[in-house]
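This report concerns only the one structure given below.
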Amino acid sequence: MKFDLIIVAGGTGSRSGMDKLHFTLRDTTVLERTVGAFLCFENIEKIILVMRLDDVDFGAKIKKNLGDNRIVITSGDSTRSLSVLNGLKLSTSPAVLIHDGARPYVDRDIIQRVMNSVEKYGSGVPALPLADSVRRVSNDGIVDEFSRDELYSVQTPQGFLREELLRAYESGDSFTDESLLYTRHIAPAHVVEGSERNLKLTTKGDFASLNARVGIGYDLHKLALFRKFMLGGVEISYEMGAVAHSDGDVVIHALIDAILGAIGERDIGTLFPDDDPKYLDIDSSIMLSEVMEICAKKNYKVSQANVVIVLQKPKIGDYIPLMRIKLARLLNLATNDVTISAKTNEGVGDIGEGKAVSAYATVIVV
Ligand code: MG
C-alpha cells in the first residue's frame, strides 16, 4: 500500500525551553534524524514536512542533506490539528502516516507494524501499556483511580486511510493526536505495539542524556631518580619522578586522551608531539587547558571523570584530595564529579618493581 508521510515539525518547543527539532544528536539534527528514519520505505510517496514559516530554510537544508526528492515542505498553523490538515491537503496517496518531528528514534519495525495495520484494519496507532499507576489528582489529593490494564500511552507514527482521516477532520474538532479524532468520527483506531525507544523528546534532560559520550585514556611513564614527580597536577614528594618530554603527569595525560576520544579527536601524541621543543617539560595542566578549549569549541562539556593510578611506591592516598580539587578546577567540574583511586601492582612487572607509573581515565562528556 502507498503512503504519504506527514511530519509535524511546527511546534515552538516551549516545554524544553529551546527549539528541540534543531538540536543536534551526534552529527545531525533531531528533525533530520526523524525524517531519515523513513527514507528506506519505498512505498512512501511523499514526505511532507509541516513547518513554521520562519523555519522553512531548515527544512530545505534537511532535504538537501538527505538528497531525497520525496521531501516537500509546507507551512504549519496555529494548532497541531490545523497543521496536519495543511499536510493532508498535499497528500495524494491512499494512506497517510502522521509522525511527530521530535521522535527521532522511531524504528523500521514500528513503522512497518503501523503500515500493516492500516492495510488490514484501516488504521494503526502504536501504543505502550503504562508502567506507572495513574491517578486523578485535584487540590494535591488523589480523587480517583484508573485500572492500569486499560491505559496506554499513544505514540506516532499513526496511520490512516487518507479519505477517512480527511472526513474526520471535517468535524472541525481539535485533538492532541489523530487517533482520537479518528476514533470519535470514523471507528476505534487499531492499536499496535509501540516501542520504548520511540520517545518524544520534550525536556532538556532528554537531550543531555542522549548526547552523552564516553572516553577512555591510558598512560604510562618510566620512573627515574632526580625527576620531578607530578600526578594529577600535584607534586609528589619522592626520590624519583616520571621520565618524559613533558612533566610526565600520567593522570592528566590519561584524562586528555579520554576527553579527546570522547569528542572524536585523535590523541595526545598527535596534538602535542613529543619531538616539539615547545612542549619540553611543559606543565601538563596547560595541555589539559588547551584540550578543554577544543572541547568547548565543539560544544562539549566534561560532566564526570574517574581515574585509576597504578603505582607501587610511594603511598599517595594523602595527595588524592588535592588532586581532585586541582583536576576539578581544570575540568570545570565539582570536586565530587572527579574521582580517583590508587592501587599498587602487587609487586608484579615493571610497575610492581617501582620502575614505572601508569594511569587509566574515563570521562563522560555531554
Ligand atoms: Mg604521557
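Ligands are counted one by one from 1 in listed order, and the atoms in each one are counted from 1 as well.
A side-chain contact (heavy atoms from CB on, under 4.5 Å) with Pro157 holds for exactly one of Ile98, Val106, Val118; it is Val106.
Distance alone, capped at 3.5 Å, is enough to place a donor-acceptor pair between the Lys20 side chain and the Leu201 backbone.
Members clustered with Tyr360: Tyr218, Leu220, Val308, Val310, Ile351, by chain and number, using a 4.5 Å side-chain heavy-atom cutoff among hydrophobic residues.
Near the Mg ion (ligand 1), less than 2.8 Å away, sit the protein N, O or S atoms Asp219 OD2, His221 NE2, His253 ND1.
A salt bridge is absent between Lys61 and Glu32; no separation between the charged side-chain nitrogens and carboxylate oxygens falls under 4.0 Å.
For Phe58 and His22, the gap between ring centers is short of 6.0 Å. Ring-centre distance between Phe38 and His99: below the 6.0 Å cut-off.
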